Structure formats: C-alpha cells, structure tokens
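Values in this document were obtained by computation on a predicted structure and should not be read as measured data. Proteins come first, then strands; the chains are lettered A, B, ... in the order of their sequence lines, and each starts at number 1.
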There are 2 protein chains.
Amino acid sequence: MGLAKSEIFTDKQNKIALFAKVFGHPARVAILEHLFKINACICGDLVNEIGLAQPTISQHLKELKQLGLIKGTIDGTSVCYCINKENWIAMKNVMNTFLNQDITVKGDCC
Amino acid sequence: MGLAKSEIFTDKQNKIALFAKVFGHPARVAILEHLFKINACICGDLVNEIGLAQPTISQHLKELKQLGLIKGTIDGTSVCYCINKENWIAMKNVMNTFLNQDITVKGDCC
DNA sequence: AATATTAATCGTAATATTGCAATGAACAAA
DNA sequence: TTTGTTCATTGCAATATTACGATTAATATT
C-alpha cells in the first residue's frame, strides 16, 4: 500500500508522526541546524552549504514550510529563510510529551 | 531515486533522522504509547489494541526493535514486549539536542 | 500424534519519497 | 531590451514504505 491508515489513530498520534516524519531525512535536519546556527535569516545559500541540487533543497524547504517550522520571505530575487519560532516551540511541546513519557516500569519481566 | 544521500551528512544528523523516521508513523507512535501506558511488559495484544493486521504490527515492532527502542522476549508461544529504557533515554538525549537548539534570533528580517 | 495458538516471514500490490534535469517565473543589472 | 540571478515547479526514474493474505515456525494443549 504505502499509505498510512491515519484515520484509526488519534489526532495527537498523527501530529507526532507528521512532525517526526519531516525530521526523518538528514537533509531537513541539516537545513534546520544551519538556520539555527546562523541564528538569523538566511538568503538561500543552502544549496552550497548542503551537497544537494537546488530543486532538491527547494523541495525539502517546501515541506518544512508546509509544516510551519520555517518562514520564507521574498526579498528581491532571493528568498529569506528563518525558523518560525512560535511554531517550533509548539512542535517541541508536542514532541516532548511523547519523548518524556514516564519510563519507570514496575514489573521487570524483560 | 527514493534513496537518501546519507553519506553527505554528519553521523549525528543521520542518527536524528533515523530516530525521527521510526516515529514518523502513527502506528509506531501508538505502539510505544501503549507500552508506556501499560508500564510493564505486554504479551502481544497489540493487534487488538491497534486496528492493523498482525503482519503489519509485527513489521512495525521489528523496526522498533532494530533501532533498540523496545525489547522482545520469547515467552512460550507469545512474545513479551517492553520499552528498552536505557536506549530510550539515549535516544531522548539525541533528539533533545536537536529540538532544544537556541532559538533566540538576533536579527528579525522575517 | 493431532490440533490450536502466537507471532515471524514471504510475496505482492498500492502508494510515497528522494533526487535531479529541464523548464519557468520574477526580478535585477547591463 | 537583453542577459543574468535566484528560486519554484514539472516530470520522471529509482527506491522505500505500508499493508495484508498466505504461509511457516515454534510451542501448547488435547
């Protein structure tokens, strides 16, 4: 199939999976890390920074933008990218409730 | 292509992407949440709990096991599953260094 | 031994993802 | 106006993922 049966899961489970999915490719991780490292808006030198072709980078940026994790503002012929701070924090809260589940197991059969 | 060019990224970037990828499907999120909720070892009633066929669940469990996030111990005819605590904590550390990057942007051009 | 139970594996169909060449759109510079 | 620059979009090939029926493997039960 290749199609996740998202209708049988909760909204929260689907949300976690959607966020995780976008982090599930090293190019998108690298793009986000670069945006954090620069710590300001960057006007598209990501193609040089990361070793992928321009259409490929553009596609990854589109996915990040669609999830709201980055912003892209048109600036002449170039486009200015930066982290969407509010949305990043909101995403972090969702992911942390998942990652920080209570891990103290009572039984110990394994 | 469909094949990520992992060789051009750092080990850490690839590691983050690998962990994120496994969380990138709601069924695996649901499986993990259930293992946390039960807060003990569970002997395979996951097929009833989640609405997917047995081979599908088995496949998702395999991926979680391969990444070391869960343990599966044979117990007669059934198999006992639980969270691998040490590995979960290690994964959490990796993910948190990524999620908790400093978000204080100096410039504000966007 | 014959049968039942549980879960892994195999095989396969449907769909998604990744990557890039080619092209297009928008603007800047000459 | 022509040329260059920058980035998005289109189209396509290669590969990956998801899901499940059928089967198999291993152990229990009768």
Side-chain angles (χ1 to χ4, degrees), chain A residues 1-9 13-14 17-31 34-35 41-67 70-82 109-110, chain B residues 1-9 13-14 17-31 34-35 41-67 70-82 109-110:
Chain A
M1 297 235 156
L3 172 61
K5 280 190 156 181
S6 53
E7 69 278 7
I8 66 172
F9 301 104
Q13 285 164 344
N14 283 313
L18 270 182
F19 281 132
K21 205 179 200 177
V22 90
F23 299 140
H25 193 289
R28 291 188 290 262
V29 171
I31 288 171
H34 190 63
L35 290 181
C41 288
I42 193 181
C43 292
D45 56 351
L46 285 164
V47 176
N48 300 321
E49 200 61 37
I50 300 169
L52 291 172
Q54 180 266 321
T56 308
I57 297 291
S58 192
Q59 192 177 305
H60 285 307
L61 287 168
K62 191 182 177 185
E63 290 176 63
L64 291 168
K65 218 186 301 179
Q66 271 172 346
L67 260 187
I70 64 172
K71 288 191 258 190
T73 312
I74 294 171
D75 172 30
T77 55
S78 62
V79 177
C80 202
Y81 290 109
C82 63
C109 65
C110 292
Chain B
M1 296 238 153
L3 173 60
K5 280 190 156 183
S6 53
E7 70 277 6
I8 67 172
F9 301 104
Q13 285 164 343
N14 283 314
L18 271 182
F19 281 133
K21 206 179 200 176
V22 89
F23 299 140
H25 194 290
R28 292 189 289 264
V29 171
I31 287 171
H34 190 63
L35 291 182
C41 288
I42 192 179
C43 293
D45 56 351
L46 284 164
V47 176
N48 300 321
E49 200 62 37
I50 301 169
L52 291 170
Q54 180 266 322
T56 308
I57 297 291
S58 191
Q59 194 177 304
H60 285 306
L61 286 168
K62 190 181 177 184
E63 290 175 63
L64 291 169
K65 219 185 301 179
Q66 271 172 348
L67 260 186
I70 63 171
K71 288 191 259 190
T73 312
I74 295 172
D75 172 30
T77 54
S78 63
V79 176
C80 202
Y81 291 108
C82 64
C109 66
C110 290

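As rounded to whole Å, 11 Å separates atom P of C/dA7 from atom CD1 of B/Ile74. What separates CZ of A/Phe23 from P of C/dT17 is a distance of 16 Å, to the nearest Å. What separates CD1 of A/Ile70 from C1' of D/dA8 is a distance of 13 Å, to the nearest Å. Between A/Leu61 atom CG and D/dC7 atom P there is a gap of 10 Å when expressed in whole angstrom units. Separating the CD1 atom of A/Ile50 from the P atom of C/dT18 is a distance of 14 Å, rounded to the nearest angstrom. Atoms CD1 (B/Ile42) and C1' (C/dA7) sit 14 Å apart, rounded to a whole Å. Here C/dA8 presents its C1' atom at 15 Å from CG of B/Leu46, a figure rounded to the nearest Å. With rounding to whole Å, A/Leu64 atom CG is found 15 Å from D/dA8 atom C1'.
To the nearest 0.5 Å, atoms CD1 (A/Ile57) and CG (A/Asp45) are separated by 10.5 Å.
A sub-4.0 Å separation between OP1 or OP2 of D/dA8 and a side-chain N or O of A/Ser58 is present. Taking only side-chain nitrogens and oxygens, B/Tyr81 comes nearer than 4.0 Å to OP1 or OP2 of C/dA8.
Contact annotation for A/Ser78: backbone-only contact, meaning every heavy-atom pair under 4.0 Å involves sugar-phosphate atoms and none involves a base.
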**Item:** Base versus backbone protein contacts along nucleotides 15-23 of chain D [heavy-atom cut-off under 4.0 Å; B, S, -]
**Value:** BSBBBBBB-
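Figure legend. D/dT30 is base-paired to C/dA1; pairs are counted as Watson-Crick or G-U wobble with both atom distances under 3.5 Å.
Using cut-offs of 30° and 60° on the angle between ring planes, the pair A/His25 and A/His60 is tilted.
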